[in-house]
Amino acid sequence: MRSLGLTYWWISFLALSISLSAASDDQFTIDGTVLELTDSNFESAISTFDCVFVDFYAPWCGHCKRLNPELDAAAPILAKLKQPIIIAKLNADKYSRLARKLEIDAFPTLMLYNHGVPMEYYGPRKADLLVRYLKKFVAPDVAVLESNSHVKDFVEDSGTSFPVFIGFGLNQSLISGLGRKYKKKAWFAVAKDASEDVMVSYDFDKAPALVAQHPAYNEHSVFYGPFEDGFLEEFVKQNFLPLILPINHDTLKLLKDDERKMVLTIVEDETHESMGKLIKALRAAAHANRDLVFGYVGVEQFEEFADSFHADKKAKLPKIVVWDGDEEYEQVNGIETVSHEEDHLTQVSRFLEGYREGKTEKKRIKGPSFMGFINSMIGIRSVYIIVFLVAVIMMLRSLGQVEEPARVRTAASDGQATSVLEGETSEHKPRDKED
């Protein structure tokens, strides 16, 4: 009997030791460094902290290597916040089973886990901007500003990555729902007072009013109501984007959630001195046509995008079209371009009138799956390089001049193994993400 008791005691002791050992493995030291996660402690980290920013990386990925020092610099700042944000990283190449489960199929993939809820991060990657961007996700849905100085501090602290909406003389309950719903897209606040100095600074002449600012584009709009029946939300949605959006790799991502069509003007060089008059005309047209997004792109700045609309340096420019955001665009019959000899606003107005009247011809974007181009952000030039390399290798193999190159195994998005040429750089891997 005593022997049985001792045996039971030893089993209990071993079970307790194992339990304590497992518990100690899940303890995370928060010292401002980037946490290194594994498949065994990933779930524990996500459940332990309210907000975790995870870099899913591969050791061979060039973009991942360049991101490392930025994360190292941001980690101690974010860890010291009142509501800390923990930066962590996981080798998705090594822990491929977990990566497939989480649908990680490109490197680096950056995910923000807010109370366990994942959201892919598309924002800036430089340490200072990363900090400012992530701080938004632990801030209140709607800030309450008690004084003029609080208003000023709020606008300055918001930075330039998001539009800012401030309600003057508005009840907080009117925009609290919008603050929750669109927290990922904008800053929201209500100011208790609207002094004369504030009204002058933010260019509105009566309250209640909702002021929208786009610091990155130096744009400003004011909404005086009505504040019910969806009008307020419609104003907010229309002001997520600036009136005139310059098109590049980063701003294309902003269009993914906007259902409006775009009036796209394609110019030879968007830095040319003649652009001032054209942008002024487009801005005026945008004010009167908020159901459309207005944008412009230079062939010199983004040639592969412009070429998708059959516009290159040999074409007659500026060219103006209405793009559906996917694989089709419309040209207005008789008004395919904007002439420098005639008033720009008159021509743009005539173009919009023709579009509204249906006097258009639909055309398809050049090349396959244009939305795939936008989503992946892999430039067409990179694809050309890959195709060229494969063609050269196949030619050499057929001539018998080289042996078959060594291949390394990587995980494809469908869970199957695929091979990548060992000599291929990380910048040109089809599944690598652009900075």
Side-chain angles (χ1 to χ4, degrees), residues 81-83 114 123 129 131-245 254 257-260 280 282-294:
L81 295 178
K82 186 176 181 180
Q83 293 179 284
N114 199 2
L129 298 177
V131 168
R132 181 170 284 183
Y133 206 95
L134 289 179
K135 282 170 66 176
K136 185 186 184 334
F137 294 96
V138 295
D141 296 337
V142 179
V144 179
L145 311 177
E146 303 283 351
S147 64
N148 292 357
S149 62
H150 287 167
V151 174
K152 181 181 178 182
D153 291 343
F154 176 78
V155 172
E156 290 179 353
D157 291 343
S158 297
T160 60
S161 298
F162 296 93
V164 178
F165 295 92
I166 305 177
F168 293 94
L170 278 180
N171 191 302
Q172 184 178 349
S173 63
L174 284 174
I175 62 173
S176 59
L178 297 176
R180 285 192 300 272
K181 185 174 182 179
Y182 298 116
K183 183 170 185 175
K184 300 175 185 177
K185 292 178 175 288
W187 291 96
F188 291 88
V190 289
K192 290 192 172 182
D193 296 316
S195 67
E196 186 175 342
D197 289 342
V198 167
M199 294 173 74
V200 171
S201 298
Y202 295 95
D203 197 20
F204 66 101
D205 53 19
K206 63 180 180 179
L210 181 65
V211 175
Q213 286 197 319
H214 258 289
Y217 302 97
N218 196 30
E219 287 195 358
H220 171 275
S221 299
V222 182
F223 182 70
Y224 293 109
F227 297 104
E228 63 280 329
D229 299 328
F231 293 108
L232 183 63
E233 182 171 7
E234 190 62 26
F235 171 80
V236 168
K237 288 167 63 178
Q238 289 178 351
N239 281 275
F240 285 144
L241 296 176
L243 282 172
I244 308 295
L245 186 69
L254 302 177
D257 298 326
D258 199 303
E259 298 177 353
R260 292 176 291 172
K280 185 177 179 180
L282 292 172
R283 192 183 302 277
H287 269 294
N289 296 271
R290 296 308 295 261
D291 60 324
L292 297 167
V293 179
F294 283 71

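With hydrogens and angles ignored, the 3.5 Å screen pairs no side-chain donor or acceptor of Lys185 with any backbone N or O of Lys237. Side chain of Gln172 to main chain of Val144: no donor-acceptor pair is present (N/O by atom type, distance under 3.5 Å, no hydrogens or angles). Within the 3.5 Å criterion, the main-chain N or O of Tyr202 finds a donor-acceptor partner in the side chain of His220.
Donor-acceptor pairing under 3.5 Å is lacking for the side chains of Ser195 and Asp197.
More than 12 heavy atoms of other residues, nucleotides or ligands sit less than 6.0 Å from atom CD of Glu146. Within a 6.0 Å radius of CG in Asp291, other residues, nucleotides and ligands contribute more than 12 heavy atoms. Heavy-atom contacts from other residues, nucleotides or ligands closer than 6.0 Å to CD of Glu228 number more than 12.
Closest approach of Leu170 and Gly167 over heavy atoms only: CD1-CA, 3.8 Å. Scanning both residues, Leu174 and Leu232, for their nearest heavy atoms gives O-CD2, 3.7 Å. Residues Asn239 and Ser221 approach most closely at OD1-OG, 3.2 Å, considering heavy atoms. Nearest heavy atoms, Pro208 versus Gly169: CB-O, 3.5 Å. What you find for Val198 and Asn148 is that their closest heavy atoms are CG2-OD1, 3.1 Å. The minimum heavy-atom distance between Val222 and Asp203, with the atom names listed, is CG2-O, 3.6 Å.
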Report the C-alpha separation of Phe240 and Tyr182 in whole Å, then their side-chain angles, then the decisive distance to 0.1 Å, and conclude whether the ring pair (Phe, Tyr, Trp, His ring centres under 6.0 Å) test is met. CA-CA 10 Å; Phe240 285 144; Tyr182 298 116; 5.1 Å; yes
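Counting only heavy atoms from C-beta outward, the side chains of Val155 and Ile166 approach each other to under 4.5 Å.
Classified by interplanar angle (parallel below 30°, tilted 30° to 60°, perpendicular above 60°), the ring pair Trp187/Phe154 is perpendicular. Between Phe227 and Phe223, the ring planes are perpendicular. Angles over 60° get that label, and only those under 30° would be called parallel.
Between Asp157 and Lys135, none of the side-chain N atoms (NZ, or NE/NH1/NH2) sits under 4.0 Å from a carboxylate O, so this pair counts as no salt bridge. Look at Arg290 and Glu234 and you find no salt bridge, because none of the NZ, NE, NH1 or NH2 atoms lies under 4.0 Å from a carboxylate O.
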